[in-house]
Amino acid sequence: MAGVTVRLRYAETLDGDGRVLHQVCNETSHHYYDLYTMHGRGGIEYWQPDFSFKAFRYVEVTGYPQPIEEGQLRICSAGTAMARTGHFRCSSDFLNKLYDVCLQTQHNNVLGQVVDCPHREQAQYLADTDLQAETLLYNFDAYPVLDKTLQDFADGQLEDGSFPFVFPSNYEHPDFFIQIPEWDLHYATLLWKLYQFSGDTELLSRYYEPLRVMIEGYLSLVSPATGLIPVGRGWHISDWPYPTVEHEGEYLTVQQIKAWQALRILSEAAALLNRADDSAAYAAHAQKLQVSVLNGLYDGSGKLLHDSSGTTATHQGVNALALYAGLLPTKDREAALKAVAGKPWESKTVLSLPLLRLLYEEGLQDQAYHLLSKPDYPGWGYMIAQGAETMWEGWDDIESHCHAWNGYPARLLQEYVCGIQSGAPGFATARIRPFFAPDLDFAEASVSTVRGKIAVRWERVSEAGIRMRLELPCTMSATAALASPSSRPITSLLVDGVEIWGGSASSCMPDGIVRCERDDSMLELELLSGRYELTVRY
């Protein structure tokens, strides 16, 4: 076969004739292929480029003079060798598939750096990495690649404190000088997620200055008249993809909320680094911005924020973000939560994360679980129902079919269905708050932390009984919070066979149980490290 040139053309989807489409992701391209001229010296011939890669679900080979038989064509999979550390399984094959697809998508999108997709841009964005950090931290040894994102953008920071829309990038070229101001503010939340997971204050020290300079750039833009940050230059994105957030007017509400979050993070980081003056100053800036947002963008009668200064629209995702961040007035919180929860699901990938977290953490677990697991449009379950093997960019089958920022349901299954949550930076303490989903017979998860592995498994042992096994590593304590609503209260709780709550509860707690008491609609146990078996009867 010496001198024979074969064409390898790649695509995510096929055309009506079963040939690969001439496009990359959703962008038309006639050039997403490789040409290889065979040397013909015998044996297997290898085409493996050193400085690039192609992402595809289908490869079409043309130019080979004989039929290609099974086993003749082999694919070399490229990726970053991050160890798998997390686990989730339950009695639902559908949710297991959802988890696996999320992790496969995530694996496909770390190639030397965290990328938004492996085919179209192959680029490192701040918002994309921030959303991917959810699943990465709970399921992979991913701290180094997330640290790299922070370092890369610190290296690429511009003089005014802003960041290029991607980095590394040739942003000096006019075609690449794009900016997304809302994405810049994800530098703060990404840094804070890494700190919360690791407890490493050195991380805060290392990136304090890039964070501070970025925030100072935003503060320099604040309008003296309104106290708000104007739109300014760039491509503004409140939600994505195909968002329904209104962007009319000079001030966008999501930008204000994310700037307020970043100011609070900077203030807390300064306090941890013993920079008391900075901490007080940025806390004061945050308070001023909060007052300005409520004065200029808040509908006091409807208890919701407008999408922007030029509209009266009150988007579900915008207000879910504000509620989850804690920006809205405490006295209006209950009414705002009811309004947000009562809206049809209109958030897309970016704002559905705070929406789901808000619902789970405010006692609306049934509603959050429904959104997470439903198989119809819109949502992640819809993708699985369509046979997706990797997560799409959004709900619709028209963009990228491999976008890891849409993979955070894997984390939510571990964190809310099995209930594994951090209670303090670096998992100095943990909070175990499972949701016993009515359609599940069991669920189990494990997460590796800097202190060791946390493992939780719960299973139904009768119509009114749950058995739960917990494993807490050495040096970690935890609070186990078990729902005990008035409509279906816990009647007894046994730990390792000893009843510690109920009619015949022992007055002597088993080893490792520090406290057991009812708080509102929860029964809480304070546990030291070790292994426990809890039996809950309702």
Distance from [X] atom [atom1] to [Y] atom [atom2], nearest 0.5 Å?
X    : Y    : atom1 : atom2 : value
E346 : H315 : CD    : NE2   : 4.0 Å
W392 : E12  : CH2   : CD    : 11.0 Å
I229 : L221 : CD1   : CG    : 7.0 Å
Y207 : E202 : OH    : CD    : 9.5 Å
I454 : S448 : CD1   : OG    : 9.0 Å
I420 : R411 : CD1   : CZ    : 10.5 Å

Is [Y] close to [X] at the side-chain level, that is, under 4.5 Å between some pair of heavy atoms?
X    : Y    : value
Y143 : D200 : yes
F435 : C418 : no
L294 : P329 : yes
T129 : V115 : no
V114 : K148 : no
H22  : Y33  : no
V293 : L305 : yes
I384 : P375 : no

Whether [X] side chain and [Y] backbone form a donor-acceptor pair below 3.5 Å:
X    : Y    : value
Q367 : A341 : yes
E415 : Q421 : no
Q23  : E27  : no
D239 : S347 : no
Y208 : L273 : no
S292 : L228 : no
Q196 : W192 : no
T105 : A404 : no
W235 : I180 : no

Is it the case that [X] and [Y] place a side-chain donor and acceptor less than 3.5 Å from each other?
X    : Y    : value
E393 : W405 : no
D128 : Q132 : no
H247 : S238 : yes
S279 : E268 : no
T349 : N406 : yes
Q179 : R233 : yes
Y251 : T226 : yes
N319 : Y324 : no

Is the [atom1] atom of [X] crowded by more than 12 outside heavy atoms at less than 6.0 Å?
X    : atom1 : answer
D376 : CG    : yes
K288 : NZ    : no
E209 : CD    : yes

Between S162 and M214, is the side-chain contact (heavy atoms from CB on, under 4.5 Å) condition met? List the steps. CA-CA 6 Å; S162 64; M214 185 265 288; over 6 Å; no
What residues, two or more places apart in sequence or in another chain, satisfy side-chain hydrogen bond (donor to acceptor under 3.5 Å, both in side chains) together with H403? S400
According to the ring-ring contact (aromatic ring centres under 6.0 Å, His included) rule, which pairs have a member within residues 408-428, sequence neighbours left out? F197-F427, Y360-Y416, W380-Y408
Is [Y] paired with [X] through a side-chain N to carboxylate O contact shorter than 4.0 Å?
X    : Y    : value
E399 : R120 : yes
E362 : R333 : yes
D141 : R84  : no
K258 : D130 : no

I257 and side-chain contact (heavy atoms from CB on, under 4.5 Å): which single residue from L252, L297, L321 fits?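 For I257, the side-chain contact (heavy atoms from CB on, under 4.5 Å) check succeeds only for L321.
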Under 30°, 30 to 60°, or over 60°: which ring-plane class applies to Y171 and F167, parallel, tilted or perpendicular? tilted
For the residue pair F56 and Y10, categorise the inter-ring angle as parallel (less than 30°), tilted (30 to 60°) or perpendicular (more than 60°). tilted
Between Y187 and F153, is the ring centre distance below 6.0 Å?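 For Y187 and F153, the ring centres are not under 6.0 Å apart.
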Going through the distances and angles, do L304 and K343 end up as a side-chain contact (heavy atoms from CB on, under 4.5 Å)? CA-CA 12 Å; L304 295 175; K343 283 177 173 282; 4.1 Å; yes
Testing Q414, R357, Q106 for side chain to side chain donor-acceptor pair (under 3.5 Å) with E134, which one passes? R357
Identified side chain to side chain donor-acceptor pair (under 3.5 Å) partner of T390 from the options R57, Q104, H107, H401: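 Testing each of R57, Q104, H107, H401 against T390, the sole residue satisfying side chain to side chain donor-acceptor pair (under 3.5 Å) is R57.
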For [X] and [Y], which heavy atoms make the closest approach, and how far apart are they?
X    : Y    : result
T85  : F140 : OG1-N, 3.2 Å
D152 : P168 : OD2-CD, 4.2 Å
S223 : P230 : N-CD, 4.4 Å

May I ask you to establish whether R264 and Y282 are in a cation-pi arrangement, using a distance under 6.0 Å from NZ or CZ to the six-membered ring centre and at most 45° from the ring axis? no
If you draw the axis of the six-membered ring of Y242, does the NZ or CZ of K348 fall within 45° of it and under 6.0 Å from the ring centre?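 The answer is no; the distance or angle limit is not met.
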Verdict with reasoning, W183 to H236, per side-chain contact (heavy atoms from CB on, under 4.5 Å): CA-CA 9 Å; W183 268 210; H236 289 271; over 6 Å; no
